[in-house]
Amino acid sequence: MNYWLMKSEPDDVSVDDALAAPKHTVPWTGVRNYQARNFMRDQMRVGDGVLFYHSSCPEPGIVGIAKVASTAYPDPTQFEKKSPYYDAASKPEEPRWSLVDVQVVEKTRNFTLPEMREDPELAEMLVLKKGNRLSITPVDPKHWRHIVKKLGAKAAA
DNA sequence: GCCAACGTTGGC
DNA sequence: GCCAACGTTGGC
C-alpha cells in the first residue's frame with residue numbers, strides 16, 4: 001500500500017465537491033504533467049491512501065483523507081474540445097493522459113501549509129520542498145501516520 | 001498581480 | 001543533445 005498527496009484547486013474540485021458526488025468519488029481530471037500521470041498510471045493501486053490537498057486558494061493545506069478508488073484509465077477531458085484540459089495532440093487510439101478515481105473517506109480540519117512547514121517531522125515531505133510544483137507526490141508512510149494522527153483522522157489505515 | 005522555480009518546446 | 005524562450009504552478 002502506497003500513500004500520496006494530491007493537489008486540487010478548490011475552485012475546480014474541493015473536498016466538499018467530492019463529498020457531494022456519488023460514492024464521495026471524483027475522477028481526478030486535468031493532470032497534464034508526465035511525472036504525475038506516471039504515478040497514477042504505473043504506481044497507484046486501489047486502496048492507496050490519499051491526502052486531499054487544496055492549492056491556489058486563500059488557505060492551502062490538507063483538508064481530507066481519501067483513497068484511490070480505481071485503476072488508471074484515460075482522462076476523458078483530453079478529448080473534449082471545450083474543456084480547458086483539451087489536448088489536440090492526444091488521440092483516442094493512443095490516449096496521452098490518464099487518471100484514477102479518488103474517494104473521500106473523511107473530511108478533516110485544514111492542516112494548513114504553514115502548519116506543515118512548522119512541523120519538524122514533516123520537513124522532508126516532497127510537497128514542502130522548495131520549488132515543488134508536482135500536483136501528485138508520493139508520501140512516506142511515516143509522514144502519513146504522523147499527519148493522520150495529528151488530524152485525529154479515523155482513517156488511520 | 002508578482003515572481004521563483006520548474007517543465008516543455010523547438011531551433012540549431 | 002543543447003539551451004533559450006516560453007508557459008505553468010502555486011505561494012504570497
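The structure displayed is predicted, hence computed values, not measured ones. Throughout, protein chains are lettered first and strands after them, A, B, ... in sequence-line order, and every chain is numbered starting at 1.
Salt bridge annotation for A:Arg37-A:Asp75: absent, with no cationic side-chain nitrogen under 4.0 angstrom from a carboxylate oxygen. Taking the charged nitrogens against the carboxylate oxygens, A:Asp87 and A:Arg96 do have a contact shorter than 4.0 Å, which makes a salt bridge.
Across the protein-nucleic acid pair, A:Leu134 atom CG and B:dA5 atom C1' stand 12 Å apart, rounded to whole Å. Atom NZ in A:Lys129 sits roughly 23 Å away from atom P in C:dT9 (whole-Å rounding). Spacing between atom CD1 of A:Ile62 and atom P of C:dG11 amounts to 12 Å, rounded to whole angstrom units. One can place OH of A:Tyr53 at 8 Å from P of C:dG10, the figure rounded to the nearest angstrom. Atom CZ in A:Arg32 sits about 11 Å away from atom P in C:dT9, given to the nearest Å. When rounded to the nearest whole Å, the span between OH of A:Tyr85 and P of C:dG7 equals 19 Å. As a whole-Å value, the separation of A:Asn33 CG from B:dG7 P is 8 Å. Here the P atom of nucleotide B:dG7 and the CZ atom of A:Arg37 are 15 Å apart, to the nearest Å.
Of all nucleotides listed (C:dG10, B:dG7, C:dG11), C:dG11 comes nearest to the side chain of A:Leu113. Closest to the side chain of A:Tyr34, out of C:dC12, B:dG7, B:dT8, is B:dT8. Candidate nucleotides C:dT8, C:dG10, B:dA4 were compared by shortest atom distance to the side chain of A:Ser55, and C:dG10 ranks first.
In terms of phosphate contacts, A:Lys130 brings a side-chain nitrogen or oxygen within less than 4.0 Å of OP1 or OP2 of B:dA5.
Classification of the A:Trp28-A:Phe52 ring pair by plane angle, with boundaries at 30° and 60°, yields perpendicular.
The 5' end of DNA chain C is approached more closely, in terms of each residue's nearest nucleotide, by A:Gly30 than by the other of A:Arg117 and A:Gly30.
A:His54 and A:Asn110 share no donor-acceptor pair across their side chains, judged by distance under 3.5 Å alone.
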